[in-house]
Protein chains: 2
Amino acid sequence: MKSIVLFGAGNVATHLFRAISNTRNFRVVQVYNRTPANLVPFQTLVDTTSKMEEVKPADIYLIAVKDDAILPLVKELIFRQALVVHTAGAVSIDALENLDRKGIFYPLQTFSKTKKVDFKNIPICLEATNPQDLELLEELAGSISEKIFRINSEQRRSLHVAAVFVSNFVNYLYSEGEAICKENNIPFEILHPLILETAVKATGMSPLAAQTGPAKRNDTQVIQSHLELLTGDQQTIYSLITQSIQNLHGKEL
Amino acid sequence: MKSIVLFGAGNVATHLFRAISNTRNFRVVQVYNRTPANLVPFQTLVDTTSKMEEVKPADIYLIAVKDDAILPLVKELIFRQALVVHTAGAVSIDALENLDRKGIFYPLQTFSKTKKVDFKNIPICLEATNPQDLELLEELAGSISEKIFRINSEQRRSLHVAAVFVSNFVNYLYSEGEAICKENNIPFEILHPLILETAVKATGMSPLAAQTGPAKRNDTQVIQSHLELLTGDQQTIYSLITQSIQNLHGKEL
């Protein structure tokens, strides 16, 4: 049985806590968080602390705090023999400084506290400075998910950019679609099936091959008619993405 | 039993043909297409023709051809007593010219020929110049889908723009995400669960409220690090959407 101290009490930490609780070979022995109030949901389930000097020795220190809180936290760690692992997509392994044993355990999914997630299908990207630690992380990851990938810090930085494109930026386009509907008294739910089908399609074939629409068809009349309806950022985004689609597919306006 | 002549043999026409075949009260009596070769898949199922003078009288003429082929086709129609309906999101009802009985039957979904679709969940946007015809279209739409909406031509124009944002433009962002992965030897499938979850989330809550990511958090360090990795259109798009997210959420870079 390997012991884990979990640092953090936010969405990622909460979901990891639940997932690890269901494993045979790993156990969270303590949850640390700087703000005591955030530990309340964990108190009946596990030992908790807000004091770094009370942090227990363990096999793995799993850090699931905000990106810019990782480095200050690592500097304060007293028991430095554990494998120290963070869960951030955008932070290099170098942020774990001069620790002997360090690694990354990056679950690539969007988490909200209330919504249950099935960790089995969440890809986990792993990295470690020494081979035995990588094996230990693979054992931990493999006990909660079926999708394990070895991804180094340089790849992870690019992967994080790609994730911003396909998730944060995509959600921005959804919200502009919602805004256009609202302005015209159209229920946004009309677009729900299209949103879902577009996502499903992109996971079944290359999205490059799946591209359709006025930009791809170079339908200048429709493009012009759409631009006339738009103003501000919506118009700028429409122009630029239309142009980029045509660049990508080798056409010209 | 109401009779329908279907004009067109592409994706939308094919899916409509299948869906209408399963209704009790409507029957496609003929499929018209300018190019005889495209009629081959229909020939064993229904009467087909490529000659306008052979088009049968019917209760409804349902036009599912390319946007810019609608007007020329309508001009050629000989039997002008039918209710003439087109299926295009981007074409106004005025394109049906001086016909007495005209309407719109716009199924809002992305269709591919090979993939089966369940029409029950596809929203159908209806419009007609006279109330009886609107009722007839509601009967037809209601017999193949559970999601019927009355949407006038002005609303439909905006709806079509919104659909371009949440589908064509979203797919463009997927393809940039795919390109970034390829360049860095990362399997794009790592992003599949994130793509699906982001879409599902946006249909369960307002995407405006669901927005996350470096732009929303105003995490300038991560944004800067991402911009350094990107060039060309990817960099331009990253900057502009980041700025737009911050405008939308009332923050400044």
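Note on naming: letters A, B, ... go to the chains in the order of the sequence lines (proteins, then strands), and numbering restarts at 1 for each one. Side chains are part of it too, since the values below use all heavy atoms of this structure and drop only hydrogens, waters and symmetry mates.
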When Leu230(B), Leu159(B), Asn121(B) are compared by non-hydrogen pairs under 4.5 Å with chain A, the top option: Leu159(B)
Most contacts with chain A, counted as non-hydrogen pairs under 4.5 angstrom, among Ala90(B), Gly213(B), Ala202(B), Ala199(B): Ala199(B)
Winner by heavy-atom pair count (cut-off under 4.5 Å) against chain B, out of Leu194(A), Leu240(A), Ile122(A): Leu194(A)
Interface residue of largest heavy-atom contact number with chain B, from Thr198(A), Thr203(A), Ile180(A), Ile237(A), under 4.5 Å: Thr203(A)
Portion of Pro214(B) that has a non-hydrogen atom of chain A nearer than 4.5 angstrom: both
Chain A contacts, top residue of Gly204(B), Ala179(B), Pro207(B), Ser158(B) (heavy-atom pairs, under 4.5 Å): Pro207(B)
Contact summary for Ile190(B) and Pro123(A), nearest pair of heavy atoms: O-CG, 3.2 Å
Heavy-atom pair count under 4.5 Å with chain A, highest-scoring of Ala209(B), Ala210(B), Ser167(B): Ser167(B)
Pro193(A) backbone acceptor or donor facing Gln109(B) side chain under 3.5 Å: yes
Contact class of Asn185(B) relative to chain A, heavy atoms under 4.5 angstrom: both
Close contacts, residues 168-177 of chain A versus chain B, judged by heavy atoms under 4.5 Å: Asn168(A), Phe169(A), Val170(A), Asn171(A), Tyr172(A), Leu173(A), Tyr174(A), Ser175(A), Glu176(A), Gly177(A)
When Ala163(A), Cys125(A), Gly232(A), Cys181(A) are compared by non-hydrogen pairs under 4.5 Å with chain B, the top option: Ala163(A)
Spatial distance of atom CZ (Arg217(A)) from atom CG (Asp67(B)) [nearest 0.5 Å]: 6.0 Å
Thr110(A) to Glu197(B) - nearest heavy-atom pair and separation: CG2-CG, 3.6 Å
Contact winner vs chain A - Val164(B), Val166(B), Asp68(B), heavy-atom pairs under 4.5 Å: Val166(B)
Residue part contacting chain A, namely of Val200(B), when any heavy atom lies under 4.5 Å: both
Would you list the atom pairs, donor with acceptor, under 3.5 Å between side chains in residues 221-228 of chain B and any protein atom, with sequence neighbours excluded?
unit_1    : atom_1 : unit_2    : atom_2 : d
Ser225(B) : OG     : Arg157(A) : NE     : 3.2
His226(B) : ND1    : Tyr238(B) : OH     : 2.7
His226(B) : NE2    : His160(A) : ND1    : 2.9

Top of Asp219(A), Ile124(A), Leu108(A) for chain B proximity - count of heavy-atom pairs under 4.5 angstrom: Leu108(A)
Taking every non-hydrogen atom, the tightest pair across Phe111(A) and Lys201(B): O-NZ, 4.2 Å
Top contributor to chain B interface from Ile241(A), Leu208(A), Asn184(A) [non-hydrogen pairs under 4.5 Å]: Ile241(A)
Leading residue by heavy atom contact count with chain B [cutoff under 4.5 Å; candidates Glu154(A), Arg156(A), Gln211(A)]: Gln211(A)
